[in-house]
Amino acid sequence: MNTQVINNGSSPSPTTNNDRMNDLKAFDEGKTGVKGLVDEGIQTIPSIFIRSLKDRSKDLSTCHDNISVPVIDFDHGSENEIAQEIVKASKKWGFFQVINHGIPLELLEEMIEVNKMFHEQDSEAKKKFYTRDYFNKKVGFLSNHDLYQSNAANWRDTFYVNTMLGDFDPQELPLISKEVIMKYIEHMLKFGEQILMFLSMGLGLKSEYLGKLECSKGWSLASHYYPPCPEPELTLGNSGHTDSSFITILLQDQIGGLQVLHQNQWVNIKPIKGAFIINVGDALQMVTNDLLKSVNHRVIAKKIGPRNSIAFFFHGLIPSEKKYAPIKELTSEQNPPIYKDFTICELLTQLSSKAVDELGTGYFKL
Ligand code: OGA
Ligand code: NI
C-alpha cells in the first residue's frame, strides 16, 4: 500500500513540517533561547512551542494540594529508619523531598542566584556558550536538548555541565559563578553517595552496594530557567518524562510548577525552602528490577516567573564497558529479571535520539 497518499489529518503535511523545521532552525540559530523571545516582548507564543490539541486534551486533571510526595527529615530517626522511609517513598512515588540534609541554605540560594545571573546576562556573552553538542562540549547553554525530536518545544533554557564522557575543565565555567558551582557540585557528589547508601540499606543490600555501581562517576548538572510565559496553557516548561539516570537531585525555587504523575493524576511538588527533591531514574528502576519506580514528571508553564531549578543527574560513564543488570539479590525464581543487560552508552543513546516524552525502560525489557 502506498502510505504516502493516506492522510487522515493526524500528521502534519510535509509543508507544515518544512515550516516547522525552518522555525526551529531560526530559533536555534538565534542562540538566545526562550529568554531571548521574552526579551523581544512577544505577547503570543511561537507555533514551535504549541502542543497539539490532542496532547493538550489528553492532559489529566491536576490533583492540587490534598496529597504530596513524602518529606523526609534527615534530623529525625536512625540511619535505618531513614533508609526505610526513602525506599518506601521510592517504591510508592519514585520521588521524595529531603529536609535538614546539612547542605548550607546560603549555598542553595547562591546557586539559584547564579543560575538567574547566567540566564539574565547580556545575550552576546551568553551566546558564546550556546551549543547543541551537549555531550562533547562539557559546559554549555542550550534551549531544549530535544528541540528537533519533540513535537512541541518547551518553554525553558538550560545551562549545563556534563561529565558523562569524562571530566570537565572548571576553567570553562562562567567566571562569575565558578566558585559557587564548584562548591555545589562537591556537595551534590557527597549527598548522592549518601542517598545511594540509604537506598542500598533500605533494599537490604550492603550499604556501599549502589555506590559501587559507579553511577556517580559520570554526572550532569542542568541549570534550568523557565521564563514567564504569555500563554502557559498552550505549552509546557518541561514535557512529561522519566529521567534516564540512577538518581536525580533537584533544587527548585519558590515558584512551583513541577508535577509528578501519581495514580494517574498530576500532583504538584510544593516548593519547600531549603529542601531537595530526589527521584529514581530509569537506570535504578532497571537494576532494582522494578522494585523502585522511575516516575513520569513534568513542569507546567506559568505566567509568573522566571522559575529556576537545578537538576543533578547521577548517570555513570558513557565510555564504561560495565554491564548493568537487575541486582541478583533483588531477584529470585519467583521474581526473575525483567530487564536485559545494558551499558550506560546504550541507555544514553536513547536519550540523545528521542524526545524526552518517548524515553523510559521499555526498550530494555526482556
Ligand atoms: C529534569 C526535570 C524538573 C524541574 O531536568 O529532568 O525534570 O523542576 N526538571 O526543572
Ligand atoms: Ni526530570
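Owing to the predicted nature of the structure, the values given are computational and were not obtained by experimental measurement. Counting starts at 1 for both ligands and their atoms, following the listed order.
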Who passes ring-ring contact (aromatic ring centres under 6.0 Å, His included) against Phe191, sequence neighbours left out? His101, Phe276
What protein heavy atom sits nearest atom 3 (C) of ligand 1, and how far away is it? Val299 CG2, 3.7 Å
Cluster question for you: counting only ILVMFWY and a side-chain heavy-atom cut-off of under 4.5 Å, with indirect links fine, are Tyr209 and Met197 together? yes
Check if Arg307 has a non-hydrogen atom at a distance under 4.0 Å from any atom of ligand 1. yes
Nearest to the Ni ion (ligand 2), which N, O or S atom of His241 do we find? NE2
Where's the contact between Thr248 and ligand 1, heavy-atom distance under 4.0 Å: side chain, backbone, both or neither? neither
For Ala311, the ligand 1 atoms whose distance to one of its heavy atoms is below 4.0 Å: 5 (O)
Give the contacting part of Arg298 toward ligand 1: side chain, backbone, both or neither, where contact means a heavy-atom distance below 4.0 Å. neither
Return the residue, atom name and 0.1 Å-rounded distance of the protein heavy atom closest to atom 2 (C) of ligand 1. Asn238 ND2, 3.6 Å
Applying a 4.0 Å heavy-atom criterion (strictly less than), which segment of His241 is in contact with ligand 1: side chain, backbone, both, or neither? side chain
Ligand 1-proximal atoms of Ala222, by part, heavy-atom distance under 4.0 Å: neither
Answer yes or no for Lys340 and Tyr363: cation-pi contact, defined as NZ/CZ to six-membered ring centre under 6.0 Å and angle to ring axis within 45°. yes
Which of the ligand 1 atoms, numbered from 1, are nearer than 4.0 Å to a heavy atom of His297: 7 (O)
Give the atom numbers and elements of ligand 1 that come within less than 4.0 Å of a heavy atom of Phe313. 1 (C), 5 (O), 6 (O)
Above 12 or not: heavy atoms from other molecules or residues under 6.0 Å from NZ of Lys212? no
Shared ILVMFWY cluster between Tyr225 and Trp155, side chains joined below 4.5 angstrom? no
Assigning hydrophobic clusters by single linkage (Ile, Leu, Val, Met, Phe, Trp, Tyr; side-chain heavy-atom cutoff under 4.5 Å), is Leu330 placed with Met286? yes
Is there a heavy atom of Gln252 sitting under 4.0 angstrom from any atom of ligand 1? no
Among non-hydrogen protein atoms, atom 5 (O) of ligand 1 lies closest to His224 NE2, 2.7 Å
Holding to ring-ring contact (aromatic ring centres under 6.0 Å, His included), I want the full list of residues that pass it with Phe314, two or more places apart in sequence or in another chain. Phe312
Can you tell me which N/O/S atom of Asp243 has the shortest distance to the Ni ion (ligand 2)? OD1
Answer yes or no: is there a side-chain heavy-atom contact under 4.5 Å between Phe49 and Val34? yes
Set out, in order, the CA-CA distance, both residues' side-chain angles and the distance that settles ring-ring contact (aromatic ring centres under 6.0 Å, His included) for Tyr130 and Phe141, then state yes or no. CA-CA 5 Å; Tyr130 198 86; Phe141 154 65; 5.4 Å; yes
